[in-house]
S.K.: 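Take a look at the following structure, please.
Everything numeric in this text was worked out from a predicted model, so none of it was measured. Naming: A, B, ... by sequence-line order, numbering from 1 per chain.
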Amino acid sequence: MRVSRPYDPRAIEQKWQSVWEDEGLDTVVEDGSRPKKYVLEMFPYPSGDIHMGHVRNYSIGDVVARFSAMRGYNVLHPIGWDAFGLPAENAAIKSRTHPAEWTYTNIEKQWSSFRRMGFSYDPARIVRSCDVEYYRWGQWIFLKLWERDLVERKSSPVNWCPSCKTVLANEQVIGEGVCWRCSSVVEKRELEQWYFKITRYAQELLDDLETLEGWPDRVKTMQANWIGRSEGAEVDFALCDAAGEPTGSTITVFTTRPDTLFGCTFFLLAPEHPLVAELTVGTPYEAGVQAVVATAARETAVERASGEAEKVGAFTGRHVVNPVNGERIPVWVSNYVLMDYGTGAVMAVPCGDQRDFEFARAYGLPIPPVVVPDDDPLLEELRDARERVKADVEWAEAYDGYGVMVQSGAFTGMRGGKASEGMKAVTEWLAERGTGRFAVNFRLRDWLISRQRYWGNPIPAVHCPSCGLVPVPEDQLPVVLPMDVDITKGETLADHPGFYETTCPSCQGSARRETDTMDTFTCSSWYYFRYCDARNTDAIWDPAKAGHWMPVDQYIGGIEHAILHLLYSRFFTKVFADMGLTSAREPFTNLLTQGMVKKDGETMSKSKGNAVAPEDMIARFGADALRVFILFMAPPDKDLEWNQEGLEGMFRFLGRLWRYVSDVAAQSATGTDPDRAAARTLLRERHRVVGKVTGDIEHFGLNTALAAMMELLNAASDHRRMAGDARDTALEREVAETLTLLIAPYAPHMSEELWRDILGHEVSVHRQPWPVFDPALAAADEVEIVVQVNGKVRGRVTVSADADERVVREAALALPKVLEHLEGLAVRKVVVVPGKLISIVATPQ
RNA sequence: GCCCGGGUGGCGGAACUGGCAGACGCGUCGGUCUCAAAAACCGAUGGCCGAAAGGUCGUGCGGGUUCGAUUCCCGCCCCGGGCACCA
């Protein structure tokens, strides 16, 4: 008989970590005989020490992975590092080390922490995106996209972060126009940059959101809003010369409301529109227009994006012809027209658009009503007016809802509004005459992927004076990022002649290598494929291996990537599918966005000084207690408030469980005469809890699953104490083993120590099948029925579980308490909910 | 302004398709053990009235549906997040 010893995580956690490593417990082998499950957490940026957000993210994933393995799945659970990026450069400047050194040191540090946490990652599949063996395939993807005409280099107004000193993609400008990484206000600059044509996939990216049943609605909504599909029409307006006569050229606008064309009384160009200068240079209007252009240029992104900037405008002196009525309307320039949406030109309909309305009022332009609400008195007056009889409406604001079209020629009387009959009729009319067509416009822009930074994946392209842009041939990959760039002096690849001086792969003449690197989001858009075949040196991955594991069955990460990483990854996956590299068109079947870890109501962070270091907690309470605590305190998708006393409570719980299992393991299993009734209660509880825990984990009720385990431990302790010598020791052993198995995904070290050393099993607890349960044994044979009189609980009756309604009713109506409350009343109705409740309705006689 | 979440004891949180509100844990109070303390264990713990039995109120606020509402419907308030001159 063993002497039971206290629970000491320090003694057991390290021990099992090395045993598991020696046994290769976490190394994954593809096994076609079992169903596969790919469990993935977003790979970390190697920022240094791990924080509670990591602990939470990876603890959730580890429970899912270990639980799935015990349930019989062939589980892939890998980890890696998103290792390129600006923080390494900033840290390098600060501490005078090389970004590579800083990065690899941090990766080692984090990897030790992950091991100390007991996460079950396959060490043979680790990828680090700054390894040449990894990023060369990122370059290969770039070339493949180029072959498929999905790469473009073009000049355009782009987002520039003055602090990061690089351009940003639209998705990376968040909130009130700030950089996603450093929160600086971004500026607009006209620059030539590299783009991935994600807009080619806009429709599919939108449509396939509907297939993602395992994603939170809120993430899908955010993506749909970001893609921003709107249906409408393109309309061509003929441009007039300075004398007012139509020229051959046209300007096209996008509108969702072609039904309001008859109310279009002016026309607008964005200040950045190339035609602005062309139309006004050397005219009396030039100065006024230039003033507006200058105002717009001065506005910060915040002001412009918030719509708070005052609407200013200037007449260009030119006119266009409204295709529906031949009217010549003036062309203005205004700061409320955006160059990067639609065509940068807008048909202004002041009666139907609040912005146009305000502009018209400010500049004295007419506001003829063309779509009138059904209850507007104006409708009677204008119902049959085909020609414009009312040039200016008295409304206080524009009306953009549905209504009747008036003063609209042949279309007068039709229904107007978004996607209305009138909208379709006008568009068809335009299409017949070749001056318009149905069109769909997306808010999504192409993905700007070039970055003017050193610590990233070099773009494999060459600028040749005679051949233009030339891709680096596949057999010349990788373009290796040189290590001898002195970042502390602010150098980039553009300062490194040894890197950029090259010959043209096409004409062999001297040429300049591209010195921009790729957005780090390109690295994170395919790493989950690479995990399937992480060490392949001949190909990005073997499609057969990707075919085995992909798509990811459960992805877990922060909501901050609702658009960014998750949208880019969906795009890459669709391209890979089109290339035949995978059959998956969506990378992540189920997505869990975990909540944040907070303290005193605020996000934990070093800068706020409220961060609790996971390593300190591991040292004091052990990794298992930390894992159990962080999973118990809140459901995974909700924010969690840190509470040190809660962690201590979880440590105590593990101690109680430890003691129970130890005591049971130490006792002789013979020589007692079990008390049947007491044992039956414990047996029932054992089966009920196994069922509850199983179902809860499947639905991410990780906190309630733990609560159920606590209930079973409480019941087992009660049994042990109450039944004394009459307790059922065989059942106790069964319950002790069951609890050890149930807690294994949460507390991998303690459960292993209990399973192997205390309970004496040979094979790891993490290789055991998940405990089974029998619903029949879990069901109570007697149930307590609540008796209500007029909605208030007045008593309870205990009946057998299969008692019929009549039995329940008779028992309930025999209760003295019930009779007391029924005195002087007549029973009108009795509702019986089987197994739960009986409700008696009575009213005065 | 629009779109999502959310509001339950002193605290974190439970409550499957409408059926005993507050599981489980923390904290607090009382007790056992101890010379004492810690640990551990046992018990109590939503408010109000009551010695108790019991009664009564109670899931942000106001209505409604229902035998019965934290759950469903209508109208508000507050908190968090996302989007926002998108033509």
S.K.: What integer number of Å spans the P atoms of B:A21 and B:U56?
M.R.: 13 Å
S.K.: Write down the distance between CD (A:Glu171) and C1' (B:G82), rounded to a whole number of angstrom.
M.R.: 15 Å
S.K.: A:His699 side chain to A:Gly695 main-chain N or O, any donor-acceptor pair under 3.5 Å?
M.R.: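 Pair found, side chain donor or acceptor close to backbone of A:Gly695.
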S.K.: Mind running side-chain hydrogen bond (donor to acceptor under 3.5 Å, both in side chains) on A:Asn441 and A:Ser230 for me, showing each step along the way?
M.R.: CA-CA 5 Å; A:Asn441 200 49; A:Ser230 44; 5.1 Å; no
S.K.: Using every non-hydrogen atom in the two residues, find where A:Thr265 and A:Pro330 come nearest and quote the distance to one decimal.
M.R.: O-CD, 3.4 Å
S.K.: Let me know the distance between CG of A:Asp696 and C1' of B:C24, rounded to the nearest Å.
M.R.: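 Atom CG in A:Asp696 sits about 12 Å away from atom C1' in B:C24.
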S.K.: Taking atom C1' in both B:C20 and B:C29, what distance in whole Å separates the two?
M.R.: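 My reading of the C1' atoms in B:C20 and B:C29 gives 27 Å.
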S.K.: For B:G9, is chi within 90° of 0 (syn) or not (anti)?
M.R.: syn
S.K.: Show, in sequence, the C-alpha distance, side-chain angles and deciding distance for A:Glu641 and A:Lys599, and conclude whether the salt bridge (Lys or Arg N to Asp or Glu O under 4.0 Å) test is met.
M.R.: CA-CA 6 Å; A:Glu641 178 71 23; A:Lys599 189 158 178 262; over 6 Å; no
S.K.: Where the side chain of A:Met710 is defined as all heavy atoms beyond and including C-beta, which of B:G25, B:G19, B:A87 is the nearest nucleotide?
M.R.: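 Nearest listed nucleotide: B:G25.
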S.K.: Closest nucleotide of RNA chain B for A:Met222 versus for A:Gly649: which of these residues is on the 5' side?
M.R.: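 It is A:Gly649 whose nearest nucleotide is closer to the 5' end.
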S.K.: Show, in sequence, the C-alpha distance, side-chain angles and deciding distance for A:Glu685 and A:Arg688, and conclude whether the salt bridge (Lys or Arg N to Asp or Glu O under 4.0 Å) test is met.
M.R.: CA-CA 5 Å; A:Glu685 193 64 357; A:Arg688 181 189 72 83; 2.7 Å; yes
S.K.: Output all residues satisfying side-chain contact (heavy atoms from CB on, under 4.5 Å) with A:Arg570, sequence neighbours left out; order by chain, then residue number.
M.R.: A:Leu205, A:Asp208, A:Leu209, A:Leu212, A:Trp215, A:Gln223, A:Leu567, A:Lys574, A:Glu586, A:Pro587
S.K.: Where each pair must be Watson-Crick or G-U wobble with both distances under 3.5 Å, what dot-bracket representation of RNA chain B is obtained, with crossing pairs in [ ] and other-strand partners as |?
M.R.: (((((((..(((......[....)))((((((.......))))))((((....))))..(((((..]....))))))))))))....
S.K.: Rounding to an integer number of angstrom, what distance separates B:G58 and B:G64 when you compare their P atoms?
M.R.: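 The answer is 14 Å between these two P atoms.
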S.K.: Rounding to an integer number of Å, can you tell me how far A:Asp718 CG sits from B:C24 P?
M.R.: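 About 11 Å, once rounded to whole Å.
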S.K.: Among B:C20, B:A87, B:C41, which nucleotide has an atom closest to any side-chain atom of A:Arg796?
M.R.: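 Within the option list, the nearest is B:C20.
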S.K.: Rounded to whole Å, please give me the gap between CD in A:Glu560 and C1' in B:G80.
M.R.: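 In whole Å, B:G80 C1' lies 16 Å from A:Glu560 CD.
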S.K.: Work out how far the C1' atom of B:U66 is from that of B:G19, and round it to whole angstrom.
M.R.: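 It comes out at 12 Å once rounded to the nearest Å.
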S.K.: For the pair A:Val807 and A:Asp804, evaluate side chain to side chain contact (heavy atoms under 4.5 Å, CB included) and give the outcome as yes or no after the intermediate values.
M.R.: CA-CA 6 Å; A:Val807 174; A:Asp804 65 22; 3.2 Å; yes
S.K.: Check the distance between B:C79's C1' and A:Lys598's NZ and give it to me in whole angstrom.
M.R.: 10 Å
S.K.: Measure CE/A:Met709 against C1'/B:G25 and give the value in whole Å, please.
M.R.: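 My rounded result for the distance is 14 Å.
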S.K.: When rounded to the nearest Å, what value does the distance between C1' atoms of B:G5 and B:C86 take?
M.R.: 25 Å
S.K.: Taking only the C1' atom of each, what is the distance from B:A14 to B:G25 in whole angstrom?
M.R.: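 Comparing C1' positions in B:A14 and B:G25 gives a spacing of 11 Å.
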S.K.: Check whether the side chain of A:Arg721 and the base of B:C41 form a donor-acceptor pair under 3.5 Å.
M.R.: no
S.K.: What class does the angle between the rings of A:Tyr363 and A:Phe359 fall in, given that below 30° is parallel, 30 to 60° is tilted and above 60° is perpendicular?
M.R.: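 Tilted.
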S.K.: How would you list, by chain and number, every residue that makes a side-chain hydrogen bond (donor to acceptor under 3.5 Å, both in side chains) with A:Gln172, sequence neighbours excluded?
M.R.: A:Arg451, A:Asp519, A:Tyr568
S.K.: Could you tell me how far B:U8 sits from B:C61 if I compare only their P atoms? Round to whole Å.
M.R.: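 Here B:C61 and B:U8 have their P atoms 10 Å from each other.
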S.K.: Okay, side chain of A:Asp259, backbone of A:Gly417: is any donor-acceptor separation there less than 3.5 Å?
M.R.: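 Flag set: sc A:Asp259 to bb A:Gly417 pair under 3.5 Å.
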S.K.: Where does the angle between the aromatic ring planes of A:Tyr7 and A:Trp658 fall among parallel (under 30°), tilted (30 to 60°) and perpendicular (over 60°)?
M.R.: tilted
S.K.: So which protein N/O to nucleotides 65-68 of chain B N/O distances come out below 3.5 Å?
M.R.:
unit_1	atom_1	unit_2	atom_2	d
B:C67	OP1	A:Lys829	NZ	3.1
B:C67	O2	A:Ser839	OG	2.8

S.K.: For nucleotides 44-59 of chain B, give me one character per nucleotide, 5' to 3': B if any protein heavy atom sits under 4.0 Å from the base, S if the only such contacts are to the sugar-phosphate, - if neither.
M.R.: ----------SSSS--
S.K.: Please list, chain by chain and in numerical order, all residues satisfying ring-ring contact (aromatic ring centres under 6.0 Å, His included) with A:Tyr660, sequence neighbours excluded.
M.R.: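 A:Tyr660 satisfies ring-ring contact (aromatic ring centres under 6.0 Å, His included) with no residue once adjacent residues are dropped.
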S.K.: Hey, which sits more toward the 5' end of RNA chain B by its nearest nucleotide, A:Ser717 or A:Met650?
M.R.: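 On the 5' side of the pair lies A:Met650.
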S.K.: Generate the contact string for nucleotides 1-15 of chain B. Rules: B means base contact, S means sugar-phosphate contact only, - means no protein heavy atom under 4.0 Å.
M.R.: --SS-------BSS-
S.K.: Given A:Asp236 and A:Arg437, is the salt bridge (Lys or Arg N to Asp or Glu O under 4.0 Å) satisfied, shown in steps?
M.R.: CA-CA 9 Å; A:Asp236 305 328; A:Arg437 60 215 66 88; 2.5 Å; yes
S.K.: Go through the structure and list residues passing side-chain contact (heavy atoms from CB on, under 4.5 Å) with A:Ala708, not counting sequence neighbours.
M.R.: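 Checked A:Ala708 against side-chain contact (heavy atoms from CB on, under 4.5 Å); matches are A:Val689, A:Lys692, A:Val693, A:Glu711.
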S.K.: For A:Arg656, check side-chain contact (heavy atoms from CB on, under 4.5 Å) against everything at least two apart and list the hits.
M.R.: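 So A:Arg656 forms a side-chain contact (heavy atoms from CB on, under 4.5 Å) with A:Arg652, A:Phe653, A:Arg659, A:Leu713.
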S.K.: Distance between the C1' atoms of B:A36 and B:C26, in whole angstroms?
M.R.: 27 Å
S.K.: Considering just the side-chain nitrogens and oxygens of A:Asn714, establish if one lies under 4.0 Å of OP1 or OP2 belonging to B:A23.
M.R.: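 So the side-chain polar atoms of A:Asn714 never come under 4.0 Å of the phosphate oxygens OP1 or OP2 of B:A23.
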S.K.: Mind checking salt bridge (Lys or Arg N to Asp or Glu O under 4.0 Å) for A:Glu648 and listing every partner two or more places apart, or none if nothing turns up?
M.R.: none
S.K.: Find the distance A:Leu654:CG to B:A40:C1' and express it as a whole number of Å.
M.R.: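 Roughly 16 Å, once rounded to whole Å.
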S.K.: Are OP1 or OP2 of B:A84 and a side-chain N or O of A:Arg443 less than 4.0 angstrom apart?
M.R.: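 The answer is yes; a side-chain N or O of A:Arg443 sits under 4.0 Å from OP1 or OP2.
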S.K.: Which pairs, protein N/O on one side and nucleotides 27-33 of chain B N/O on the other, fall under 3.5 Å?
M.R.:
unit_1	atom_1	unit_2	atom_2	d
B:G27	OP2	A:Arg652	NH2	3.1

S.K.: May I have all residue pairs that pass salt bridge (charged side-chain N to carboxylate O under 4.0 Å, His left out) and include part of residues 631-640 of chain A, sequence neighbours excluded?
M.R.: A:Lys598-A:Asp639
S.K.: Expressed in angstrom and rounded to an integer, what is the separation of A:His699 atom NE2 from B:U17 atom C1'?
M.R.: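 Interatomic distance, NE2 of A:His699 to C1' of B:U17: 13 Å.
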S.K.: List the steps, then state whether salt bridge (Lys or Arg N to Asp or Glu O under 4.0 Å) holds for A:Asp356 with A:Arg361.
M.R.: CA-CA 9 Å; A:Asp356 298 343; A:Arg361 280 281 158 88; over 6 Å; no
S.K.: For a quick check of understanding: with a heavy-atom distance under 4.0 Å over all strands, which category does A:Gly342 fall into, base, sugar-phosphate or nothing?
M.R.: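 If one applies the 4.0 Å heavy-atom cut-off, A:Gly342 turns out to touch nothing in the nucleic acid.
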